[in-house]
Amino acid sequence: MFTMIENDDLQHISSVLTDWYKKNKRDLPWRNIHDPYRIWISEIILQQTRVAQGYDYYLKFTQQFPDVQSLANAPEDEVLKCWQGLGYYSRARNLQAAAKRIMAQHNGKFPSNYDDILALKGIGEYTAAAISSFAFKQPYAVVDGNVFRFLSRYFGIDSPIDSGAGKKQFAKLAGLLLDKLQPDLHNQAIMEFGALQCTPTGPDCMNCPLETSCFAKEQGKISDLPVKEKKTRVTHRFFHHLVFICGEETLLSKRSDKDIWQNLYEFPLYESTKLCSFEEILMEKNWISEIAGLHPIHISYQSKEIKHILSHQIIHAVFYVVNTESTALQLPHFTPVKIEHLNKYPISRLTEKFLKKFSENLSCSKNKYIFTAN
DNA sequence: TTCCTGAAGA
DNA sequence: TCTTCAGGAA
């Protein structure tokens, strides 16, 4: 498929990349280490996540869970709490599932075999290649977004990177280009080059060591490459959360199913196909009567519509603060939680943002919480 | 296809 | 304020 590319050319490109890397690389805490556990954690955090966003999480996570065993034995809530705010929470759940598997099947020692690594939950071809090469110097080529971008531009490949055929083609080329004598250095170099030099927009072609032989630069196609074909369309969802206050307590529920924010906690939710009024919520859910019985309730706050945007969903959310005088806050499938302990539960950014505003406007006297909205 | 969030640009 | 962009696995 790439018979027109000479081996000497490929070796030359690789050496240009590694030379560039030695001069321009960022100094990051997961660089120049060989502990497969820490390399693994860093790679999972950096999946779909920028260095600037994941940096502090890496430090916090590896401090709280310094090895496979501590991660495997931790309560899932603690792992998710540590991950809170980073997004794609299945990464954290898979991380722990993989840690348990390493304890059971590999005596707690991180596997060094590529296929064993690939078999772990949350590890695909990219991450398996990264760990194999960085930690064990095995000759597997990484193909991440940076590599797609550099290869497509430099060699002028317009196969869509999100098609099966395209992925195969890029993987083959990346394998040919790989320096098998120093796969760790080569892989780090080509990704860092994509991240810092051959950037998605505004690549620094003026200072690029490969400028004169770059197809995209030559043909003026930098902004056309790489090619993606699939665009995701968004669906709208409407969330109504009831924040009960009864004495020192409130209610949470744990998300389940195969939906967003799996295993995170949230305030009792009524979801519908459109935004609706408090009266309409009462028609659908009899929470109020189950909790308060004949006691009066008081809605001390209603948030304005909050738009929370995910890659493929737009959540329209409204929060209601409902005060009741009921003796005990109990409802099947819901967890009574002391308001002062709310910060112990893993929650989404949406809930976190509401909770921040909530806490700022909450005062407590004589074991009674008063919410005063502004 | 469905999982998230935040930064940057319009 | 709204839109676009960045980033892998199941």
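Throughout, protein chains are lettered first and strands after them, A, B, ... in sequence-line order, and every chain is numbered starting at 1. All values derive from a computational prediction rather than experimental measurement.
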Dump every N/O contact between nucleotides 7-10 of chain B and the protein below 3.5 Å, one line per pair.
none

Would you classify Leu46(A) as touching base, sugar-phosphate or nothing, given that sugar-phosphate means primed atoms plus P, OP1 and OP2, and contacts are heavy atoms under 4.0 Å?
sugar-phosphate

Please state how far atom NZ in Lys307(A) lies from atom C1' in dT5(B), giving the value in whole angstrom units.
18 Å

Sequence neighbours excluded, every pair satisfying side-chain hydrogen bond (donor to acceptor under 3.5 Å, both in side chains) that has a member inside residues 80-99 of chain A:
Thr49(A)-Arg91(A), Lys81(A)-Gln84(A), Arg93(A)-Gln262(A)

For His308(A), which of Trp261(A), Phe239(A), Phe319(A) qualifies under ring pair (Phe, Tyr, Trp, His ring centres under 6.0 Å)?
Trp261(A)

With sequence neighbours left out, the residues meeting side-chain contact (heavy atoms from CB on, under 4.5 Å) with Asp224(A) are Lys221(A)

Pairs flagged by salt bridge (charged side-chain N to carboxylate O under 4.0 Å, His left out) wherever residues 13-33 of chain A is involved - sequence neighbours left out:
Arg26(A)-Glu192(A), Arg31(A)-Glu192(A)

Sequence-distant partners of Ser133(A), side-chain contact (heavy atoms from CB on, under 4.5 Å), two or more places apart:
Pro183(A), Asn187(A)

Using atom names, set out every protein N or O paired with an N or O of nucleotides 1-3 of chain B below 3.5 Å, distance rounded to 0.1 Å.
unit_1	atom_1	unit_2	atom_2	d
dC3(B)	OP1	Lys258(A)	O	3.2
dC3(B)	OP2	His312(A)	NE2	3.3
dC3(B)	OP2	Gln313(A)	NE2	3.0

5' precedence on DNA chain C between Gln47(A) and Lys228(A) (nearest-nucleotide basis):
Lys228(A)

If hydrophobic residues (ILVMFWY) are linked whenever their side-chain heavy atoms come closer than 4.5 Å, directly or via other members, who joins Tyr114(A) in its cluster?
Leu118(A), Tyr140(A)

Give a yes or no on whether Gln69(A) atom CD has more than 12 heavy-atom contacts from other residues, nucleotides or ligands under 6.0 Å away.
no

In whole angstrom, give the distance that lies between atom CZ of Arg91(A) and atom P of dT5(B).
10 Å

Test of understanding: with salt bridge (Lys or Arg N to Asp or Glu O under 4.0 Å), list the residues that count as partners of Arg255(A), not counting sequence neighbours.
Asp259(A), Glu266(A)

Donor-acceptor contacts under 3.5 Å from residues 281-289 of chain A side chains, at least two apart:
unit_1	atom_1	unit_2	atom_2	d
Ser289(A)	OG	Asn286(A)	O	3.1

If only side-chain N and O atoms of His308(A) are considered, is one of them under 4.0 Å from the OP1 or OP2 phosphate oxygen of dT5(B)?
yes

Contacts of Asn113(A) that satisfy side-chain contact (heavy atoms from CB on, under 4.5 Å) - sequence neighbours left out
Asp115(A), Asp116(A)

Heavy-atom contact window of chain A on DNA chain C, given 5' to 3' at under 4.0 Å:
dC2(C) to dA10(C)

Cluster partners of Ile222(A), using ILVMFWY side-chain heavy atoms under 4.5 angstrom, listed by chain and number?
none

